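Proteins come first, then strands; the chains are lettered A, B, ... in the order of their sequence lines, and each starts at number 1. Treat the numbers as computed from the prediction; the structure is a model and nothing was measured.
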Amino acid sequence: MEQGYNLLHDGILALAEVERNGMRVDLDYAKEKHDELTDLIDDLEEEFKKTKFCKHWGYSLGKTKLNLASPYQLEHYLYKVKKIKPPKMSDSGKKGSTDEESLRALNIPELDLVLRIRKLKKLRDTYLHSFISESVDGFIHPVFNLHFARTFRSSSDSPNFQNIPIRDEEAKEIIRKALFPREGHQLLEIDYSGVEVCIAACYHKDPTMIKYINDPKSDMHADMAKQIFFIDELDKNIPAMKTLRNGTKNGFVFPQFYGDYYINNVASLVAWTKMPQEGIIKSEHGLELPSGIHLGEHLREKGIKSIKQFTEHLKEIEYHFWNKRFPVYNSWRRKWWSAYQKKGYFDTYTGFRISGVWDRNFVINAPVQGSAFHCLLWSLIEVGKALKKYKMKSRIIGQIHDSIVFDIYPPELDDVLDISKEITCVKLLKEWDWIIVPLEIEAEVCEVDQSWYYKKEIKI
DNA sequence: CAGCTCAGCGCG
DNA sequence: AAAGCGCGCTGAGCTG
């Protein structure tokens, strides 16, 4: 366990410096945008109050004041007063859910206003407000913890640097346009590509998975998309094919790795490919394929004419996935889980013993998630040392599980990239001989004095 | 007012 | 056999 201790000791010293460095915030922008959102939210709330839907909801509450931000009140009105059948239940299973997915499924126009208000409040109160209130002299200093996460991953708070919007374009723009490098500097982010898949392979050593990782021309997600949707060739440059591949990656492959099963995968795949949620699959359903026909027609030709049949099909795919394609990975999962059940703990490659009462999915995922982060942490420590050794003006200002964010003095950009690449892809593999697959990094940069919104991938 | 749980939602 | 993993922040609603 000494190795694990030393990693966290060196790690927290390196991260303390990252915290002191911090990231520059455009406070004028943040405050202006904050107030702009407040005005917008006020207008939308006024608009909502004028609707019949809102008046009836308010009437149903009697003396209680209506609060459209209250899931509790909304749940009561929709599913008790109006007696609508909830599209799904909340996680606790006790109440009808009023999350975005559920409200969209109800197809009530007024609820779009509720969701719009919810989103804008999230951006204003969780991000812009915390940037303003946590900033000191125009810098935020997010905290990076190594002693909270059960997997020995990190976490971040005050403000959380690890959940800044990026998937939703509008949210990404509003929030990331508040974050800047030091004057005359530029932001750089390097990240490990598919590091959890690589680290998982070091644990289970499945030969087929190792082949996928070693052969850059092979593509596990494309192969699965071809198998699930009966396709002979998959060209990622064609948008519909890219959607099928990404839908398969995010709706089947990764959920399966995390311990999900085919029934849940159906709903996810159906959403990605625009197929009906249940019932009969018709010719006009689903993505339009390059041949001009819809996925629905294509599946019908292959004998899949209903969601029920698609579900049975996916059950067979799942069986093939774990018993024919990745049988060694599968037997590792069984052995790892069974060994834990006998011992009450499991050890990671990076020097940690995780003991306690856990469920199967945690026991299988924690060593991978933890060790993958430790690769990043070791690299961050070494890159930090190198920046000091060469007396560079560039600094590390943050870390997001598999990536490092830098505030770069522009003349040093190429050197920082060279140093980082050497440490992350060469030195780490010499230090830890249990890493039996190659690791790769990608890089994104902003131009000088540009906000974090503009980061773009570069070749390295 | 402090402190808790829950629902919802942002990220890897 | 079991039924996606890990985090932090906010507001609502409740208890004491």
Please state whether the phosphate of [N], meaning OP1 or OP2, lies under 4.0 angstrom from any side-chain nitrogen or oxygen of [X].
X: Ser97(A); N: dG8(B); answer: yes
X: Thr151(A); N: dC7(C); answer: no
X: Arg118(A); N: dG8(B); answer: no
X: Ser156(A); N: dC7(C); answer: no
X: Thr126(A); N: dG10(B); answer: no

*Between His129(A) and Pro255(A), just flag the one whose closest nucleotide in DNA chain C comes earlier from the 5' side.*
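Looking at DNA chain C, the more 5' nearest nucleotide goes with Pro255(A).
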_Lys/Arg-Asp/Glu bridge criterion (N-O < 4.0 Å) met for Asp219(A), Arg245(A)_ =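 Here Asp219(A) pairs with Arg245(A) in a salt bridge, since their nearest N and O are under 4.0 Å apart.
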*asked:* Between Glu75(A) and Lys80(A), does any NZ, NE, NH1 or NH2 come within less than 4.0 Å of an OD or OE carboxylate oxygen?
replied: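 Result for this pair is yes, salt bridge flagged.
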Heavy atoms under 4.0 Å, any strand shown: does [X] hit a base, just sugar-phosphate, or nothing?
X: Asn163(A); result: base
X: Ile263(A); result: nothing
X: Asp91(A); result: nothing
X: Phe161(A); result: nothing
X: Tyr261(A); result: base
X: Ser154(A); result: nothing

Measure [atom1]/[X] against [atom2]/[N] and give the value in whole Å, please.
X: Asp157(A); N: dG6(C); atom1: CG; atom2: C1'; value: 16 Å
X: Tyr319(A); N: dA1(C); atom1: OH; atom2: C1'; value: 15 Å
X: Phe252(A); N: dA3(C); atom1: CZ; atom2: C1'; value: 14 Å

*Planes under 30° and centres closer than 5.5 Å, is that true for Tyr258(A) with the base of dG4(C)?*
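Here the ring of Tyr258(A) and the base of dG4(C) are stacked, with centres under 5.5 Å and planes under 30°.
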*Please find out if less than 6.0 Å separates the ring center of Phe252(A) from that of Phe257(A).*
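Here the rings of Phe257(A) and Phe252(A) have centres that are no less than 6.0 Å from each other.
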